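What follows is a short report on a single structure.
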Amino acid sequence: PKSVAGEEDEADIIRIVSLYRTQTLDPIKSVFTGSIEAFGQLYTRLLRLDENDELIPGLALRWEISADATDYTFFLRKAKFSDGSPITADDVAFTLLRMRDDPEAAYSETVEDMQNAWAIDDHTLRVRFNSANIPFLQGVETAFLGIVSRADVERRGSVDAFSDIPVSSGPYQVVEWRRNDRLILEPNPHYWRAGYPLNDGAELIEVVDVNTRIAMLQAGEVDAVRYIQNSHFAELSEDPDVVLPVEPAMRVSVLLLNHDRPPFSDKRVREAAALALDMDRITKAMLRGRGRTANTLLPEQLEFYDPDFPGWEYNPDRARQLIEEAGATGADVTINITAPDSDWEMAALIVQSYWGAIGLNVIIQKMDQALYEQRLEDGDYDSSIEWWYNDSKEPDLAVRWALCGSCGNRAYYTNYQNDRVDELVEMGTAEMDPDRRREIYREIQALAFRDVAQIPLYYFPWPNAYSTGIEGLRLRPSTQWTLEEARRVP
Amino acid sequence: MSEPLLKVCNLDVSFRSRGGETHAVRNVSFDVGVGEIIGIVGESGSGKSVSCRAILGLLPESASVSGRIEYSDQNLLGLDTEGLRRIRGRDVSMVFQNPASHLDPLMAIGAQVSEPLIHHQDASPTQALDAAIERLREVQLEHPEQRVNSYPHELSGGMKQRVMIAAAIACGPGLLLADEPTTALDVTVQARILELLKSLNEQHYLSVVLVSHDLAVVAQVCDRVLVMRHGEIVESGDTKQVIYSPQHPYTQQLIESQPSRMTIRPPVATDTDTLLDVSNIDVEFASPGGGTMRALNDVSLILRQGESLGVVGESGSGKSTLARVVMGLVKPKSGDVKLRGQSILQKRNRLDLSVCRKVQMVFQNPYDSLNPRYSVYETIAEPLERHKLVPATKLDERVAELMGLVELDSSLASRKPAQLSGGQCQRVGIARALAMDPELLIADEITSALDVTIQAQIIALLNRLREERGLSVIFISHDLTLVRSFCDQVVVFQSGRIVESGAVSGVLEQPQKSYTQELLLSVPTL
Amino acid sequence: MFLKVGKRLGHILPVLLGISIVSFGLIQLTPGDPARMILGNKASVEAVEAVRERMGLNEPVLQQYGNYMLNLVQGDLGESLRYQQPVSELIMQFLPVTGFLALYVIVLTVPLTILLGILAARNRGRWIDQLIRMTSVLGMTMPVFWLAMLMLRIFSVELGWFPVSGFGTGFVGHLHHLFLPAVSVSIYLIPVLVRNLRAALLEEMNADYVVASRSKGLPEGYIFRRHILKNASLPTLNLFGVLITWLIGGTVIVELVYAIPGLGTLMFNAILGRDYSVIQGLTLFYAFSTVIITLVTDMLSALIDPRIEL
Amino acid sequence: MIARWPKSLRFGAGIVLLWLIAAVLAPWLTPADPYAIDLDNTLRPPGGDWLMGTDHVGRDVFTRVVFAARIDIWMGVMGVLAPLLIGVTIGLFAGYFGGLFDSVMMRIVDITLAFPFLILVLAIVAMLGPGITNFIIALALVAWVSYARLIRADVMVVKNAEYVQAARTLGFSSPLIIFKHVLPNTISPIIVYAMTDMVLVVLAGASLGFIGLGVQPPTAEWGAMIADGQAYITEAWWVSFFPGLAAVSFGIGLSLIGDGLARMLRIGDT
Ligand SMILES: Nc1ncnc2c1ncn2[C@@H]1O[C@H](COP(=O)(O)OP(=O)(O)OP(=O)(O)O)[C@@H](O)[C@H]1O
Ligand SMILES: Nc1ncnc2c1ncn2[C@@H]1O[C@H](COP(=O)(O)OP(=O)(O)OP(=O)(O)O)[C@@H](O)[C@H]1O
Ligand SMILES: [Mg+2]
Ligand SMILES: [Mg+2]
């Protein structure tokens, strides 16, 4: 890169600047984007993804699944932690059990139903579920199941082991964690993938303001920028030193509607709200051709996503009529968005205008994220513009999270409840026949869509920008950097 | 006499202000020869101060000046700032009428006196300070070595005046414009200052323009006198000639009003009730060097109803402090003040209205005691209005009446203090105090800035109030003649103590203490 | 003097107590859950509860406050809820940056303020005065973040003179890295101060003692420096004190735009993450510095003006 | 009357008056609806149908700039008036009386100053909900401190002036002395500062907008418009430039008024 005054840049250090921050280094303790991105670099998993994001052997050289899909056996390769100690099946079992048993585990859906996990020998691991569990293989690839050192966690305790420099099993180890500023990484000398990482280290830098992040990229201070906004695409696409690849993401942007509160407790109003929106126009305005209108409630990258589902048509007349039928004309509706985010604000403005046209009185409420989450969780909102992503291609987690009313988070805090959907969700987990699974998930998509559980808006790729000076770096759909494969263009 | 040092020809000064134009000085011409002392006397507001300021180009921007002012062949009106600067302080310097506001509150007085030395004579700061101490000693400031570190707010009125004088003579100028330089000084110090001026005059041919309303002082030191009225010179000439055979009726009136010639009013009966009982007052101030300074030391006095008590004594001896204690503005360390037997020492910020109605004070410094943002009318009307002393419909009438009582022209009603002469300010202060219709008036040097005619009228006014309403007066003054003619009782202060007290006739005719004797000896007479 | 300073320092205790109560109260009244902010919205209610339990957030408010104070008395500011690092360590990590920035700003601001204020006052009404007044209004009305962004674009991206982000290494590195941030803050501070100083100067220029000084034949420049400026400096000094205290806590925006790892960003993120202990620790720290700065300005005022008592 | 005003005051008042008129007559002066979005005409440059171009959702920038005057003037006035009244009153009394009241008040000042503005705004917004009124409440709670400190410093000097003592000997009540004698002689720096502060208040709104907590969309407000538009600075400069220009002109007007008033209040200056 252009050399930054006063700073030597001899080593091949990859710098990524992001809005999202590393909040903890304990892989089971957060599902926030920033932390997940760090977990992936520090902890290896049993399986990993190839260039096409297909599952391939990771720490496990191969695996066997029992016919009833309750027993999984993994055969591990020889590998070491960053402190030089061997990674054994016991460590993996410990990792899995820890996720299941730690009351503070942020997201343990994957191993909820796990009966036990144990080492058969140093390199053979057995995992047993209470009932058939098809999604598990995808699950073990997620960053939350990054393998931690049992010895170290037991020695230092669950808090201290991750508070500064954890023992890592992935491509990198921590040099310094400057909280609230950056995570400085160097290659893990004992990483099992020989020859990787291709670079000399990495820095994950946290910067709030998008303009600053972009300026840093343009000034050559960083190699990649995570999360740029709409407003900058035009400018950056003209910059010869910057590339803006379209990187698919397993995410969908949605309008959450509170099913427990008028007017959206009335299905007619929800339907009207969806019909009122000209999705294609919205998508075009918001994404400038970089994504597509969502036609179902599941991200398009997921397995069993139904590409043929028709989606919402734009029919304001019908919408107005429905609103009148429901007696909701002139009703006050709030849209909550998080601040500061100019994209959400723009989306909210557009929705406000469309909904205004069918007789709803829309008030936009911008608030800081903590307050926003609190209101969402408390069900203290009418509607909310959001996006969510799934950690793997496996739709099981997605539907549990977003559509299942009895799965713990009230269908993404919308209070949507359809018993048939909940039933189908459980069926999907246990179903071994892929065709029948496809049917199950298609039915879930159709049901939730018709109930207007949420209003899907669009599928959008990661909005990242890269310097032309590096190669091999991208963000996978599952929010993981291919950092170990990145290097400076010679 | 050779070429005059200063030649003023057809000086005209007028002020533009919101109310229109004020013609303050008209067609004034006079000369000052080398080594000559010229006195300017005249009515308060007649343009004496303005003329002096005009000479050094020190009038505010709102003034327009025309005429010719020549100082040893240079036309001062034609000089640029730098040219004027060279002359100011070195060749011609000035003592201002309100010393208080003319000293920088944030600078120690020693530095203020040494400044001109540093700038005109390239003295080093330490040399200059030594010289400054010398000057302060010459103007009779006690302990000048320590005093140099004091700030203006720590000095008494007379001390500030002496600091101003010291600064003015620091560089040994050729001409000194002294605007009422001794108003705030007791007679002994006044005598010594006059002596100092005279000796500078004799030894260094210092020329002086002495503005004063004290004809006796003028008679004592001046070679020639100018008499001003309404911005014009009405008479001028040799001192003796003007004083002993005045031609102009105004001058005649002026001489007539001289206090020594006023009839001495008979003392009132001494068996009336005790009005004010001040007992064993001690006051301490933090002194600049650390530690404390005792400003009043075991001071006790008694004032009867209808009586007039003169307070005399050297500058800085605690006279004003006593007045402030009685008013509740300074809290004494110990002692008590009783009004008709009731203690009136205040604990709270607000002074007791019932006491204020009975006791009023006219401050020594007329200018500083007026709110700079209030017009004359507002200042006088405020107490009347606030305390509902007159019905609203009568307000204007009463203000006009009070202004008339103190001889203030009604055209001044809308002026702010900065647009008034010293004497005018003083009379506003008197009118304001009288507006409260007090039983006891504390008059701190109320005549210091007044010409004798007005002085006489004010004294007559007070006498009338004493007779008609039984007003009692504490009359702080260094003008012993005035005290003799106006007061029944007198106390003599020295260094915070009362050294002698008693009936005027006794104390001032047969003084017991040497200090009092010295005071009497220093009184200038015509 | 020492006694009075000591007495003033004694005032710090009630202030700190007041601060701790107010900040505690504010935090308690502010919705948003630190546990949720760490775990993320997919986390289960049980997990959130478990984290809250560990953090001690489920205890009665008074008890939480008691615990906090108990630790505080022992000099312990507690641990960051989010980062599980002692708050004092976090503050010490970010303090040098903000401190450096604040000093930098002062160094840039004070001489310029004095220079411009004087120039404007002495040339009142002339073009230079108008120019200073208008440009300062311009500087003042331009939002800090906007200006900062423009400067980034021009001086860092286009010209490459200054780095976009960070603190740099070594004294020169710091100077280099923090130049644009310091200028951004100064551009906002200087106008406020200059206008004030100018007004105060004009006020004092009419005083009697100035006339008296002229009568002594003192050079105008000297009168200005030693008399007018000194008398006019009091209100400006006070304003400066207010602004400096503001500076310590108020560089947030600038720190965010220039990605400077300082106390401002720390506070910003602590607030967004509801990191209670960091918020409290920082507020106490701010309070402490505020009191010290106030004390210093008061002492300076008393030093300049003998009429003022400490 | 006006003829006797200093020139800067007349000029400043003229600018501010223009904005006031614009604010009042906004619906009649502007061609469009300030909130109507038009996705077919986003980021149109100035000229033609759009005097100042359109923004990222196709709203007419000119219309919004004019309408924003309503909010900004209100915000400026309220955001300064409230803290000024509170701060000046407290500063006057604390400085004049000294003693316990002063100590307590100054401790409260210290406490308030210790809270970075952001915390209070966040807390208040979180407690009361976002919106401009709450923003002003937050402002009043914090900004009075500056006024209190500024005026107190002057009061400490003026209260010992002889004319104030004279007023006391006239038996005036303390509030009377404070408001009629002390206040007029200490207020002019406050007025200068207040005019400056008004600009700063509008800017504080913008800064909060930058972190996303200013006025709520789609309210037209200069600060928020600058904040929104800055992202498009290279692609569409006009989105943030014109509101910026408006804010600057308003700021110049206010500062001129401040200078003029200070000049009028100065003693002996004609
Ligand atoms: N700045 C000013 N603006 C308007 N009028 C003024 C100003 N200064 C002085 N005057 C007026 O000019 C006249 C002359 O004032 P001056 O101060 O010379 O009087 P004086 O002879 O010194 O009186 P005194 O003996 O009372 O000091 C007075 O009527 C006064 O009110
Ligand atoms: N605020 C103060 N701080 C310190 N010392 C003071 C203060 N006020 C007065 N003094 C001192 O108290 C002494 C008495 O002062 P006071 O003003 O009472 O004198 P005075 O008798 O009125 O003199 P003059 O005739 O010169 O007015 C002086 O030495 C003065 O320096
Ligand atoms: Mg005079
Ligand atoms: Mg006295």
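Proteins get letters first, then strands, A, B, ... in listed order; numbering begins at 1 in each. Worth knowing before you read on, the calculation uses all heavy atoms, side chains too, and leaves out hydrogens, waters and symmetry mates. Only a predicted model underlies this, so the values are computations on that prediction, with no experimental measurement involved.
Looking at R133(C) and I252(D), their side chains never come closer than 4.5 Å, going by heavy atoms from C-beta outward. Considering only heavy atoms from C-beta on, M106(D) stays 4.5 Å or farther from T294(C) through its side chain. Side-chain contact check for L234(C) versus M156(D): every heavy-atom pair is 4.5 Å or farther apart. Two residues are said to be in side-chain contact when any heavy atoms from C-beta on lie closer than 4.5 Å; T234(D) and R153(C) meet this criterion. Residues T297(C) and R149(D) meet the side-chain proximity criterion, which asks for heavy atoms closer than 4.5 Å.
In this structure, chain D has a heavy atom under 4.5 Å from the side chain of M149(C), while its backbone stays farther away. Contact annotation for F288(C): neither backbone nor side-chain heavy atoms come within less than 4.5 Å of a heavy atom of chain D. Heavy-atom distances place no part of V144(C) under 4.5 Å from chain D, backbone and side chain included. For a residue to count as touching a neighbouring chain, one of its non-hydrogen atoms must lie under 4.5 Å from one of that chain's; by this rule M205(C) does not touch chain D. For L256(C), the part lying near chain D is the side chain, with the backbone staying farther off; criterion is any non-hydrogen pair under 4.5 Å. Contacts between L16(C) and chain D at a heavy-atom distance below 4.5 Å are absent for every atom of the residue.
For the options G244(D), S240(D), G258(D), heavy-atom pairs under 4.5 Å to chain C are most numerous at S240(D). For chain C, the option among A227(D), G229(D), S249(D) with the highest count of heavy-atom pairs below 4.5 Å is A227(D). Ranked by heavy-atom pairs under 4.5 Å with chain C, the list F250(D), Y193(D), W222(D) is led by Y193(D). In terms of heavy-atom pairs under 4.5 angstrom with chain C, the leader among V109(D), I233(D), L254(D), N160(D) is I233(D).
Between N238(C) and A153(D), the shortest heavy-atom distance links the atoms ND2-CB, 3.2 Å. Closest approach of E203(C) to S188(D), counting heavy atoms only: OE1-OG, 3.1 Å.
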> Are L256(D) and M134(C) close enough, and set up right, to give a side chain to side chain contact (heavy atoms under 4.5 Å, CB included), and what steps lead you there?
Replying inline: CA-CA 9 Å; L256(D) 286 176; M134(C) 291 308 135; 3.6 Å; yes
